[in-house]
**Q** 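Starting off with a structure, shown below.
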2 protein chains.
Amino acid sequence: MRRTRSLTMVDIAKHSGVAVSTVSYALSGKRPVSAETRERIQQAMEELGFRPHEPARALRSRFSRAISLFFPTARDELQIESHIILSGALEATSEFDYSLLVSTATHDPSGIVATLETGRADGVILMEVRMADERVDKLRADGHPFSLIGRCEDNEGISYVDFDFEDAVRTAVHHLYELGHRHVVLLNRAPSIGGVDYGPTVRSQAAFQSALKELSLAGDHLLCGTSGAQYIEVLRFLERAPTCTAAVTLSVTYAPLLAALRDLGRRVPEDFSVVAIIASQIADLVTPPLTTIDMPAYEMGRLGAEILIRRLTDDELPPSQLLLRGPLQVRSSRPPPRRSRS
Amino acid sequence: MRRTRSLTMVDIAKHSGVAVSTVSYALSGKRPVSAETRERIQQAMEELGFRPHEPARALRSRFSRAISLFFPTARDELQIESHIILSGALEATSEFDYSLLVSTATHDPSGIVATLETGRADGVILMEVRMADERVDKLRADGHPFSLIGRCEDNEGISYVDFDFEDAVRTAVHHLYELGHRHVVLLNRAPSIGGVDYGPTVRSQAAFQSALKELSLAGDHLLCGTSGAQYIEVLRFLERAPTCTAAVTLSVTYAPLLAALRDLGRRVPEDFSVVAIIASQIADLVTPPLTTIDMPAYEMGRLGAEILIRRLTDDELPPSQLLLRGPLQVRSSRPPPRRSRS
DNA sequence: CGGCGCTATCGAAACGTTTCGACTGGAACA
DNA sequence: TGTTCCAGTCGAAACGTTTCGATAGCGCCG
């Protein structure tokens, strides 16, 4: 079966009595082809079941019509948001009739540049972007097309989609303040994810500190992985800080928190309130239903791919910079328990 | 910058004073090249920063060195296992120095065949396989290389990696039986995922029924999505069946169950035991810690890609059929509460 | 010392597209 | 009636590899 030489445009051309170039033009529309001829060609293609050979196209035209998403892969720690972003990117990519290549993200830029320079992809999407990111510097310096899920400190000329973590944290803290909480903890992602300079971590912390100051609140900041052991740390903290009645959690850091609270016999939301900054698809799985600020991960993936592809197809297009916000959905946050103030 | 004509083997050949074909052979090793010449070529390549052009390679050699994973995409319902599987496949793919293309899974086979016939990928991985799956039939009929995450009814000549859901369900039910439970419910995935004929669903149900019979247990079978509304159904069931003290859950169906139990004031595990058949990465996020049977999703993805690529590189290799089992990890399952038997 | 079999190399022909320049025949214009 | 223009088509030259057949040089055997 498979060893039958596959059909080429030459076959289609012969079968419909035109030149190969005419077949090509009929397919691409880059030059006019009479309705009658196009019809004949189309019919021949369907009859014979022709599919243009992609590598040949790519070789000649210098465009692969593919983009590559550099994906942070980790065997054990689940980066759920990244996965949802990937789904979104996949949707957009296939809508634009592009292919999506997924590559393993590395810290250094050489693999990324290789993907571009070998002609495997026309552009790349980067995730887990740091405030200062050498991958970005390199791509920018070389003039390669790319877009970011996330953003750097300096985003001059760069296309990105990011979630406004600063706004989210501010909103969360204000919400808790208004409920009456006076001591709040921020569970931020550990540097094992994205590194020390990881944008969301840095920005969340800054926004947290400034909100505390503004509202004259007591607050603590915990860096927190999701591995089982990490929950001990949270537990210790809660024991040490009995006045702390609420938390803002980023991504899946809600998990060790809920585990620790349960082991301390503190109920959510009666004894402790949580605002989780997290994608809705994950929040839906959590019991009790948490108050959340929805991080629209799917949309971010969609847009990240879209703004990249648009720029690929239109040289003139200026970079898009999108900063998304998520709604606060109040579910199980409550005023703090009345304490015996004696 | 980017408009500088990129380097080709011709440049390398000139620069090191050999023929283009020699450069190619030095790179591929398909014919002997003297150590000295190879050295010179290598040096030239590094000096100039040469990267072979992938589409050209693919065009001439008829191999893209890419595989495509057909990924079931859904905006709202999170198919977490699929994502973990993808990660695993990515790891294996990059280890073998292949590229991973991700495409949106469709019910009909034409898109899959297109990916192969346009030369974008050398083989494909299919997920969410049904007992009778027309995609599989088509690929097999056409003699295309592929592997399955999952399996069909008839797997003659097919490479697959599957999880042994039958064993897992049997193990789970026996575990609960031994703890003393006498009425158990199986929360199976709704047909919105994978369709009516979805392998894991069908096999789990069959194994459940046979375990019930074997142990003379009362049992119920619920098809259960993860959307918020679905939890009502679970709640209704629990109210209707007060003697039911334990559940076996597949994938994320634990979520509506935990929510319903909480709203009924029934504690896990004191009042109700759960055995979740689920990937450990997800189980780690759940409070209370559930007794699980670990579905090794990452490993499945790894192996699925590996057995496909191995067959691609070695025509003689017979298909691999792997059926994985997961360990039972007892965490929060308990004997049923003593009921007033009056 | 003629011939054989290696190893290492070369040149040229693919692979299946896209794209460029050139060429038609007829419509539109003066 | 001649010129200009345009839609539609053709042929051929790329694109950057891989691969095939040929050959040069060399050691070795008989």
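Protein chains get the first letters and strands the later ones, always in sequence-line order, with residue 1 at the start of each.
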**Q** In whole angstrom, what separates B:R120's CZ from C:dT17's P?
**A**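 It works out to 13 Å between those atoms.
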
**Q** Any pair with a residue in residues 37-47 of chain A that passes side-chain hydrogen bond (donor to acceptor under 3.5 Å, both in side chains), sequence neighbours left out, goes on the list, sorted by first then second residue, please.
**A**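 Pairs touching residues 37-47 of chain A that pass the test: A:S34-A:T37.
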
**Q** Heavy atoms only, 4.0 Å cut-off, all strands: where does A:P52 land among base, sugar-phosphate and nothing?
**A**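 Counting heavy atoms under 4.0 Å across all strands, the contact made by A:P52 is with sugar-phosphate only.
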
**Q** Closest heavy-atom contact between B:I41 and B:A26?
**A**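 Closest approach of B:I41 to B:A26, heavy atoms only: CD1-CB, 3.8 Å.
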
**Q** Quick one: do B:R151 and B:D133 satisfy salt bridge (charged side-chain N to carboxylate O under 4.0 Å, His left out)? Show the steps, please.
**A** CA-CA 9 Å; B:R151 67 197 201 277; B:D133 199 306; over 6 Å; no

**Q** Looking at the side chain of B:S24, which of D:dC15, D:dT18, C:dC15 is the nearest nucleotide?
**A**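 Selected nucleotide: D:dT18.
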
**Q** Could you write out each protein N or O paired with an N or O of nucleotides 23-28 of chain D at a distance under 3.5 Å?
**A**
none

**Q** Could you state the CG-C1' distance from A:L59 to C:dG16, rounded to the nearest angstrom?
**A**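 From A:L59 CG to C:dG16 C1': 9 Å.
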
**Q** Expressed as a whole number of angstroms, how long is the span from B:K30:NZ to D:dC20:C1'?
**A**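 These atoms are roughly 13 Å apart.
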
**Q** Whole angstrom is fine here: how far is it from CG in B:L27 over to P in D:dT17?
**A**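 Computing the B:L27:CG to D:dT17:P distance gives 9 Å.
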
**Q** Please state how far atom NE2 in B:H53 lies from atom P in D:dT18, giving the value in whole angstrom units.
**A**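 Those two atoms, NE2 and P, are 12 Å apart.
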
**Q** What residue pairs, at least two apart or across chains, pass ring pair (Phe, Tyr, Trp, His ring centres under 6.0 Å) with a residue in residues 102-139 of chain A?
**A**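 Ring pair (Phe, Tyr, Trp, His ring centres under 6.0 Å) check on residues 102-139 of chain A returns no pairs.
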
**Q** Give the rounded distance in Å between these two atoms: CD of A:E54 and C1' of C:dC15.
**A**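 Rounding to the nearest Å, CD of A:E54 and C1' of C:dC15 are 15 Å apart.
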
**Q** Hey, are the side chains of B:I112 and B:F70 touching, using non-hydrogen atoms and a 4.5 Å cut-off?
**A**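 Side-chain contact under 4.5 Å: yes.
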
**Q** Counting C-beta onward and ignoring hydrogens, is there a side-chain heavy-atom pair between B:Y160 and B:L303 closer than 4.5 Å?
**A**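 The answer is no, as the side chains (C-beta and beyond) never meet within the 4.5 Å cut-off.
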
**Q** If I take atom CZ in residue A:R60 and atom P in nucleotide C:dT17, what distance separates them, rounded to the nearest angstrom?
**A**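 From A:R60 CZ to C:dT17 P: 13 Å.
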
**Q** Before giving the answer on side chain to side chain contact (heavy atoms under 4.5 Å, CB included), spell out for A:L27 and A:Y25 the whole-Å C-alpha distance, their side-chain angles and the decisive distance to 0.1 Å.
**A** CA-CA 5 Å; A:L27 219 48; A:Y25 289 127; over 6 Å; no

**Q** Starting at atom CZ of A:F63, determine the distance to atom P of C:dT19, rounded to an integer number of angstrom.
**A**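 These atoms are roughly 9 Å apart.
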
**Q** Mark up nucleotides 6-12 of chain C, 5' to 3', with B wherever a protein heavy atom is under 4.0 angstrom from a base atom, S wherever such an atom reaches only the sugar-phosphate, and - elsewhere.
**A** --SBBBB

**Q** For the side chain of A:M9, counting heavy atoms from C-beta on, which of D:dG16, C:dT17, C:dC15 is nearest?
**A**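 The nucleotide sitting nearest to the side chain is C:dT17.
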
**Q** List the residues meeting salt bridge (charged side-chain N to carboxylate O under 4.0 Å, His left out) with A:R310, not counting sequence neighbours, and say none if there are none.
**A**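 Applying salt bridge (charged side-chain N to carboxylate O under 4.0 Å, His left out) to A:R310 gives A:E306.
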
**Q** Given axes from five pairs at either end, by how many degrees does the helix from C:dC1-D:dG30 to C:dA30-D:dT1 bend, rounded to 10°?
**A**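 Inter-axis angle at the ends, rounded: 40°.
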
**Q** Are the charged groups of A:D122 and A:R311 less than 4.0 angstrom apart, N to O?
**A**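 No salt bridge links A:D122 with A:R311.
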
**Q** Determine, for A:E153 against A:R130, whether the closest basic-nitrogen to carboxylate-oxygen distance falls under 4.0 angstrom.
**A**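 Judged by the 4.0 Å cut-off on N to carboxylate O distance, A:E153 and A:R130 do not form a salt bridge.
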
**Q** Under 4.5 Å between any side-chain heavy atoms of B:H83 and B:F71, yes or no?
**A**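 Yes, side chains in contact.
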
